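Order of listing sets the numbers, starting from 1, for every ligand and every atom in it. Note that this is a predicted model, so its numbers are computed, not measured. Side chains are part of it too, since the values below use all heavy atoms of this structure and drop only hydrogens, waters and symmetry mates.
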Amino acid sequence: MSRTVPLRSQRLRRSVLSVPAINARALEKSHSLDCDAVIFDLEDSVAPEKKAQARENLRSFFAGPALEGKERIIRINSLSSEFGPADLDLVRALLPDAVLLPKVDEPQDVTDIGDLLADADAPEELRIWAMIETPRGVLNVGAIAESSRTPGSRLDCLVVGLNDLRKETGVLPQPGRTYLVPWLMQVILAVKAYGLDALDSVFNDFRDGEGFDAECGQGRAMSFAGKMLIHPLQIEAANRYFGPSAEEIAEAEAIISAFADPAAKGRNVINANGRMIERLHLVQAEALVHKARLISARKPA
Ligand SMILES: CC(C)(COP(=O)(O)OP(=O)(O)OC[C@H]1O[C@@H](n2cnc3c(N)ncnc32)[C@H](O)[C@@H]1OP(=O)(O)O)[C@@H](O)C(=O)NCCC(=O)NCCSC(=O)C[C@H](O)C(=O)O
Ligand SMILES: [Mg+2]
């Protein structure tokens, strides 16, 4: 019998900015930006001839002042690429909060990395995130998410990559991502079944604020936890759309106080000013208020 699966992570992931590890200025700027997390990218934003330099940049960045209050993720090249093994050695040396695996096709792509990290006695706090950005990755997303149930699994977040998925499938960009929505919702179903987070894909046209807002609204309605970003201009809107609004917080607090009323004791359903609310709404309200507290506790950059 299925129950609401508790989220494995209670982290804020509204705005997850990708920073190419070859871009020294962008690395430096990441300290001052108000995003919830930073993905230090060694993969597709770094040219093959620049990979070694990008790794060195990260080594010195991680030796410098800590990135206050942000989750730090390193995206490595596929282990099957000539760059992957050296990238993973760097992850083991720098110990970010998570390693992001690109182009994950099947559960074994995740468990193989998990085994290598375990063999290297990497602390269990070092999590694994997986990019779902290939046709096989979408087809297998349920099994990939289910692998988080394996004892010792470090998987706690899936990130959709529509640039690669469009390239592999030939699906054309459409307003509202019409033909991609079924695959986005398959990722959502998989993470909800196993208590993981899912992040929506990047929006490439970083000067199109209106288009970005519309896509954030769509991603929020789909219940993505946040969005992968490519530019600082996108951070404020991502934080706004993927964080609870004042109205949602007020409504959640009203539900919590309605169930705290002694008259609601032992009742699973109550009448709150003409509206039926059930205990399941209380669970949602408590999760939303928890997220709001995480946001207000965050020190702005
Ligand atoms: C797209 C960019 C190359 C544009 O960079 P630029 O021309 O420098 O833009 P601006 O002049 O507007 O920059 C203004 C300032 O902002 C800084 N900046 C820009 N981008 C970033 C960033 N990502 N992080 C931190 N800081 C950033 C500039 O340095 C300027 O600073 P200042 O000197 O103070 O003025 C660039 O935005 C960029 O490289 N973005 C990230 C690209 C990336 O990471 N791509 C990989 C992720 S996308 C992906 O993974 C797709 C997925 O896999 C899939 O398949 O879908
Ligand atoms: Mg990609």
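Ser18 OG, 3.3 Å is the protein heavy atom nearest to atom 47 (C) of ligand 1. Among all protein heavy atoms, the one lying closest to atom 42 (C) of ligand 1 is Pro20 CG, 4.0 Å. Looking at atom 25 (C) of ligand 1, its nearest protein heavy atom turns out to be Ala26 CB, 3.5 Å. The nearest protein atom to atom 5 (O) of ligand 1, hydrogens excluded, is given as His231 CD2, 4.7 Å; this is a heavy-atom distance. Of the protein's non-hydrogen atoms, Phe206 CE2, 3.7 Å is the one closest to atom 1 (C) of ligand 1. Considering only non-hydrogen protein atoms, atom 21 (C) of ligand 1 sits nearest to Pro232 CD, 3.5 Å. Scanning the protein heavy atoms around atom 38 (C) of ligand 1, the nearest turns out to be Ile230 O, 3.9 Å.
No side-chain heavy atom of Val38 sits under 4.5 Å from any side-chain heavy atom of Arg72.
Using a 4.0 Å cut-off between a side-chain N of Lys or Arg and a carboxylate O of Asp or Glu, Asp156 and Arg13 qualify as a salt bridge. Note on Arg127 versus Glu71: no salt bridge recorded, every NZ/NE/NH1/NH2 to OD/OE distance being 4.0 Å or above. Ion pair Lys51/Glu82 not flagged as a salt bridge, since none of the NZ, NE, NH1 or NH2 atoms sits closer than 4.0 Å to an Asp/Glu carboxylate oxygen. Salt bridge present: Arg298 and Asp34 bring a charged side-chain N and a carboxylate O closer than 4.0 Å. Under the 4.0 Å criterion applied to side-chain N and carboxylate O atoms, Arg92 and Asp119 are not assigned as salt-bridge partners. Glu251 has a carboxylate O that lies under 4.0 Å from a charged side-chain N of Arg275, or vice versa, which qualifies the two as a salt bridge.
Within a 6.0 Å radius of CD in Glu236, more than 12 heavy atoms belonging to other residues, nucleotides or ligands are found. Counting heavy atoms of neighbouring residues, nucleotides and ligands inside a 6.0 Å radius, atom CZ of Arg240 exceeds 12 of them. Around the CD atom of Glu124, the shell of radius 6.0 Å holds no more than 12 heavy atoms that belong to other residues, nucleotides or ligands.
The shortest N/O to N/O separation between Glu43 and ligand 1 does not fall below 3.5 Å. Considering backbone and side-chain N/O atoms, Arg25 comes within less than 3.5 Å of an N/O atom of ligand 1. Residue Leu162 places at least one N or O, backbone or side chain, under 3.5 Å from an N or O of ligand 1.
Residue-ligand proximity, Ser45 to ligand 1, at heavy-atom distances under 4.0 Å covers atoms 43 (C), 44 (O), 45 (N), 46 (C). Atoms of ligand 1 lying under 4.0 Å from at least one heavy atom of Asp41, given by number and element, are 46 (C). For ligand 1, the atoms sitting less than 4.0 Å from at least one non-hydrogen atom of Val19 are 24 (N), numbered in the order shown with element in parentheses. For ligand 1, the atoms sitting less than 4.0 Å from at least one non-hydrogen atom of Glu133 are 52 (C), 53 (O), 54 (C), 55 (O), numbered in the order shown with element in parentheses.
Within the protein, the N, O or S atoms lying under 2.8 Å from the Mg ion (ligand 2) are Glu133 OE1, Asp164 OD2.
A donor and an acceptor atom, one from each side chain of Asp105 and Thr134, are located under 3.5 Å apart.
Counting only heavy atoms, the protein gets under 4.0 Å from atom 18 (N) of ligand 1.
Taking each of Lys29, Met228, Arg207, Met131 in turn, the one with a heavy atom nearest to atom 30 (C) of ligand 1 proves to be Lys29. With distances taken over non-hydrogen atoms, the option nearest atom 56 (O) of ligand 1 out of Asn163, Asn23, Asp44, Leu233 is Asn163.
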Taking distance alone, no hydrogens or angles, what donor-acceptor pairs closer than 3.5 Å link side-chain atoms of residues 169-182 to residues at least two apart or in another chain?
unit_1	atom_1	unit_2	atom_2	d
Thr169	OG1	Leu165	O	2.6
Thr169	OG1	Val171	N	3.2
Arg177	NE	Gln218	OE1	2.8
Arg177	NH1	Asp200	OD1	2.8
Arg177	NH1	Asp200	OD2	3.3
Arg177	NH2	Asp200	OD2	2.7
Arg177	NH2	Gln218	OE1	2.9
Thr178	OG1	Pro175	O	3.2

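Nearest heavy-atom pair, Ile113 versus Ile76, reported as atom, atom and distance to 0.1 Å: CD1-CD1, 4.3 Å.
The backbone N or O of Tyr241 sits less than 3.5 Å from a side-chain atom of Arg220, completing a donor-acceptor pair.
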